Amino acid sequence: MKKYDHFKIEQKFQKKWEKEGIYNTKEDKSKQKYYCLVEFPYASGEGLHVGHVRSYTALDIVARKKRMEGLNVLYPIGWDAFGLPTENYAIKTGVNPKIITKKNTNNFRKQLKSLGFSFDWSREINTSSPEYYKWTQWIFLQFFKHGLAYKKRMPINWCLSCKIGLANEEVVNGVCERCGGQVEKREKEQWMLAITKYAERLYDDLDKTEFLEKIKIQQRNWIGKSHGALISFALVTSQIIADKKLQINADGKIVLITNVQEFRENVNIDSKLKIEGREFSIKELIKFKLDDGSFYLKLFLSGGYVLADDLNSNSFILVKEKDTNLKIEEDDITFENKKYSFSYKAHAIAEEVFGEEIFKKGESETFWDYTSGNNYLSLGIVDKNKKRLDFLGKTIKADKIEVTNLRESASNLRSSATFTKVNVFTTRPDTLFGATYLVLAPEHELIRKFIENKEIENIKEVEKYISETAKKKDIDRTAEGKQKTGVELKGIKATNPVNKKEIPIFIADYVLAGYGTGAIMAVPAHDERDYAFTSQMNADKKTQIDADKIEIIKVIESNENLYTGYGKLINSGKFDGMESNEAIKEITKFVGGELKTVYSLRDWIFSRQRYWGEPIPLVFCNECKKRVENSKLQIPNHKQVPNSKSKIQNQEFNEGELLNPGWVVDENLPLELPDVKKYEPTDSGESPLASVEKWVNVKCPKCGGPAKRETDTMPNWAGSSWYWLRYTDPENDKVFADEKKLKYWTPVDWYNGGMEHTTLHLLYSRFWHKFLFDIGLVPTDEPYIKRTSHGMILGDGGEKMSKSRGNVINPDDIIERFGADSFRLYEMFLGPFDQQTSWNSDGVVGTRRFVEKVYGLSEKIVDSENESVNNFLNKTIKKVGEDIENMKFNTAISSMMMFLNFVYDENKISKDSYKKFLKILSPFAPHVTEELWSETGEKESIHKSKWPEYDEIKENENFTIVVQVDGKIRDKFIVASNLSENEIKDKAISLEAVLRWVGDKKIKKTIYIKDKLVNIVTI
RNA sequence: GGGCGAGUGGCGGAAUUGGUAUACGCGUACGACUCAAAAUCGUAUCUCGUAAGGGAUGAGGGUUCGACUCCCUCCUCGCCCACCA
């Protein structure tokens, strides 16, 4: 018997296959396609991992089987080449990442080829090659042009000792992964991709896919859909205004307020005024602020009164609104049926209302200003020193009048509408009666404005808390068991809309700015976090809230103060007795809230302050910024991306340029990475590209003026977000892939990868694909039909393989010792493909022995074999075929081992059966089967042969019937399948062992399971 | 805290429309071959018991003629997410 020399055989066929290109694929309309995809590797310096081998072998088996079944199979490979380890290595050594990448991919390619995968190497791609990233950049520009990319200040992780920005993945347990140093947040302008606009579709369309259920679940959890309601809480700054503080003078027009400044600061749209015993509510409040920080008020009151501020005399003027009633018709203003030119008219009104001495003609000017949104204007007058202004009349429709000239004269005046409400998102509107305070995230935009307008009393305390929060590391902010902290916003209250009770407002960092509206209603009796916060604030004596008294849903058995479940409402006014699910809808309706679905998915931070990534092909131009700002172009407000290629091309500025004034696209692609001297980010946290002046300073592609390039690069997820599309047409330099080729090959039929990519990569790539679908560039709205994940291979002790633990297995060593075929078989034999398992190098000898036995099998070939061998083979063909489809590679292999053992026992096999066996083994062990196949005299490759059919097992086969008495096995016998149920029962009951066990007991019943078992039940 | 998954020999694991638990492989022991070793082949290998037989699939309970499989309670481990309102 000749010796099995794996090295010789594997080398021989790997060369032969490559030379003949037998796995290279072309579009062939006559054949059905099948697209197998594995996650392309990041070619690190550490070389191939056994985990790669597991994934690639599995789909190689699938690809080979599908080919044998006559499908046109695309099984491509390439390199995900932008990444941190390469960059970090470059920083350390100063070697250009291109060179490192080249070296690493060469090594990976060699390693992959030594495993005999049936990749179509002619389609190899590399995300770091300009030919490839040209299209990554191009797709980014499409996002930009459609208004899905925008710049925003965002915190980044900054390592204090490495002095570089870290990706989230590099921050492990709150410290820098590389050096273990402290990480803090730094704010920086970042490019964002608006993936949240696709949240709903990314969620819903999972139903269209055949992803493994656990993968769908993980995606759904990541997107984080919750149903709830937006509820508005009106703000009350103060109701201090009382009779004694107001005086009306004799003619009834001048109101004296004892503390005008206090009144100015505290009056609010929800304030109620009492003047001479008469109550007024405020219909509209206009607050004008001067540059020195002081401001003036104009209040439109119920009953048609207007309360106008007079700073100089520390008084307010109360007038009847109808005195200043204005109507606008065309260009002119009609005032009590007389027509005046605009300016003249305004003065006429001023004289009439306030007296000529206040606004002398020629010394004062008229102006318009915005008050409540873009559609309404008020007419006003400002004195010549621009220190005093007033309004004359109620708001009027603005779209009928020309305002441009008049705006300028008041340009040093800024209007600021007072904020009147806070929106909160809650999933539990049914607990609204228990809402005893509001909490805003420290980053909530209202707080800045409260501070600006001096609407809070304890500004210093609040500012201190905000800055402390910003400095906190993530880990401190979220660590479990951490005390909740917060500060009350004194001087501002909110009104609970359901019972009109006044409740305090806090800021606290347990409320996240990025989720919902960044504000919550706190229901301590029904929410754990609110309960904890309340208890802690009570301990600090900062609030009066008593959790006991606000319980609204009572659970009979529960005597706790906290209950987070659902139930029947109590202490909820007219909603008492209503079930939660109904109350959610009813209470929301009652308070004028809006049922809403929110997603916890955040927009994608798309900037990295790094060298080794795709440059972002945008340029900043000051001149274009001005032109955008002066243009009247509006950003279209569409909910869905339009399915059109042309719309955005007809304007001078595209949507992205309008959205990000000054940023213009540079369509001269690829925008290549320039060479740099050093790969570290700059001290200011900019990417190394910022130091390449020649590259940074460019002519604006739009106006030709001086402009600067964006120096951030794209994240390493970018290139992998569309790579499966490029495989269909990897060399095209006109488009990212030819439409017809995309149509033939996509979507991917089966995509396998690691569970660790289930959330980010899988979601990002689905997002890009959907966007490309929306703009008409790909034929389907989902990229992958089936997605599976292989389980992780742990090291010997059941721990994760890692360099530091020293338990990393190098595939090269295994191939050298045992050969690629045995290695592949062992990887698949290890355990269930989708579950984690641990590696044991000693185990490879098992599959090696199996391969050797296969190698010697030809000695058993005879002219006529036993029928039982043929039957066994049929069963095995069936099982192997099914197991491959179901990813049960381990049992497929064990069934082939059983067959082989059986043949060795029988000591004979026909040539025909032998060849069939080689065929079903060939996807698993492609080299040795090819060798043996050629030895049978076949000229064509076994991998081009047809997958064998199997015959259903013949009817007259015998079965073993197990006989139980009272559920315990007592005997078994072999029976031909043509016996009837009664015959089998009779035979069972007459067995000696059965008679012995039944004894004198009476037989209650006899259960028969076809071809399997008889159970005799006694009483 | 939430989601997902898993607990079966010394080890990786097999067995689910509920029907012979421990397939297949590793390891180990003994034997054959050999001067010897390796390799190979053969036999054995859950456990108690001489045997007949009994017990065992993380623990405990339930449903059933019959449970690794279904239901309930609990424990342990892994992965992912984590103050998501």
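This is a predicted model, so every value here is computed, not measured. Just so it is clear: chains get the letters A, B, ... in the order the sequence lines come, proteins before strands, and each one is counted from 1.
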Between [N] and [M], how far apart are the two [atom1] atoms, rounded to whole Å?
N: U8(B); M: A14(B); atom1: P; value: 11 Å
N: U17(B); M: G10(B); atom1: C1'; value: 35 Å
N: C65(B); M: G1(B); atom1: C1'; value: 44 Å
N: C46(B); M: G25(B); atom1: P; value: 15 Å
N: U57(B); M: A6(B); atom1: C1'; value: 13 Å
N: C41(B); M: C26(B); atom1: P; value: 10 Å
N: G42(B); M: C33(B); atom1: C1'; value: 11 Å
N: A15(B); M: C24(B); atom1: C1'; value: 12 Å

Look at the aromatic rings of F902(A) and F872(A) and report parallel, tilted or perpendicular, splitting at 30° and 60°.
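Tilted, since the angle between the ring planes falls between 30° and 60°.
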Classify the ring geometry between F533(A) and Y437(A) as parallel (under 30°), tilted (30 to 60°) or perpendicular (over 60°).
tilted
Pick base, sugar-phosphate or nothing for [X], based on heavy-atom distances below 4.0 Å to the nucleic acid.
X: R996(A); answer: sugar-phosphate
X: R970(A); answer: sugar-phosphate
X: D834(A); answer: nothing

Is there a donor on the side chain of K1004(A) or the base of C65(B) sitting less than 3.5 Å from an acceptor on the other?
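A donor-acceptor contact between them is absent.
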What pairs with E200(A) under salt bridge (Lys or Arg N to Asp or Glu O under 4.0 Å), at least two apart in sequence or on another chain?
none
Taking salt bridge (Lys or Arg N to Asp or Glu O under 4.0 Å) as the definition, give me every residue that meets it alongside K786(A), ordered by chain and number, with sequence neighbours left out.
none
Can you list the residues that meet the ring-ring contact (aromatic ring centres under 6.0 Å, His included) rule with [X], with sequence neighbours excluded?
X: F829(A); answer: none
X: F850(A); answer: none
X: H790(A); answer: none

Could you tell me how far apart [X] ([atom1]) and [N] ([atom2]) are, to the nearest whole angstrom?
X: D966(A); N: G54(B); atom1: CG; atom2: P; value: 12 Å
X: D971(A); N: G53(B); atom1: CG; atom2: P; value: 11 Å
X: Y4(A); N: U40(B); atom1: OH; atom2: C1'; value: 17 Å
X: Y904(A); N: C41(B); atom1: OH; atom2: P; value: 8 Å

From C-beta outward on V1017(A), which listed nucleotide comes closest to its side chain: A85(B), G53(B), C65(B)?
C65(B)
Tell me which nucleotide among A85(B), G12(B), G55(B) gets nearest to the side chain of T427(A).
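Within the option list, the nearest is A85(B).
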Quick one: what's the B/S/- string for nucleotides 25-34 of chain B, heavy-atom cutoff under 4.0 Å, read 5' to 3'?
SSS-------
Heteroatom pairs (N/O) under 3.5 angstrom, protein to nucleotides 67-70 of chain B:
none

Taking pairing as Watson-Crick or G-U wobble with both contacts under 3.5 Å, can you name the mate of [N], or confirm there isn't one?
N: G27(B); result: U45(B)
N: U16(B); result: none
N: C83(B); result: none

With 3.5 Å as the limit, what N/O pairs link the protein to nucleotides 16-19 of chain B?
| residue | atom | partner | partner atom | Å |
| --- | --- | --- | --- | --- |
| G19(B) | N2 | Q964(A) | OE1 | 3.3 |
| G19(B) | N2 | N1015(A) | ND2 | 3.3 |

N or O in side chain of [X] less than 4.0 angstrom from [N] OP1/OP2:
X: K972(A); N: U20(B); value: no
X: R220(A); N: C80(B); value: no
X: T837(A); N: G13(B); value: yes

Pairing donors with acceptors under 3.5 angstrom, does anything connect the side chains of T485(A) and Y465(A)?
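Note: T485(A) and Y465(A) side chains meet the donor-acceptor criterion.
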Would you tell me whether S226(A) and Y515(A) have side-chain atoms, one donor and one acceptor, within less than 3.5 Å of each other?
yes
Would you tabulate the pairs of protein nitrogen or oxygen atoms and nucleotide nitrogen or oxygen atoms of nucleotides 3-8 of chain B closer than 3.5 angstrom?
| residue | atom | partner | partner atom | Å |
| --- | --- | --- | --- | --- |
| G3(B) | O2' | N221(A) | ND2 | 2.9 |

Derivation of the side-chain hydrogen bond (donor to acceptor under 3.5 Å, both in side chains) call for E39(A) and H757(A)
CA-CA 9 Å; E39(A) 283 170 355; H757(A) 293 132; 2.9 Å; yes
What residue pairs, at least two apart or across chains, pass side chain to side chain donor-acceptor pair (under 3.5 Å) with a residue in residues 991-1009 of chain A?
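Checked against side chain to side chain donor-acceptor pair (under 3.5 Å) - neighbours excluded - no pair reaches residues 991-1009 of chain A.
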Using a cut-off of 6.0 Å, state whether more than 12 heavy atoms not belonging to E885(A) lie near its atom CD.
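More than 12 within 6.0 Å, yes.
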What protein N or O atoms touch nucleotides 44-48 of chain B N or O atoms at under 3.5 angstrom, if any, and at what distances?
none

With sequence neighbours left out, what residues match T517(A) under side chain to side chain donor-acceptor pair (under 3.5 Å)?
none
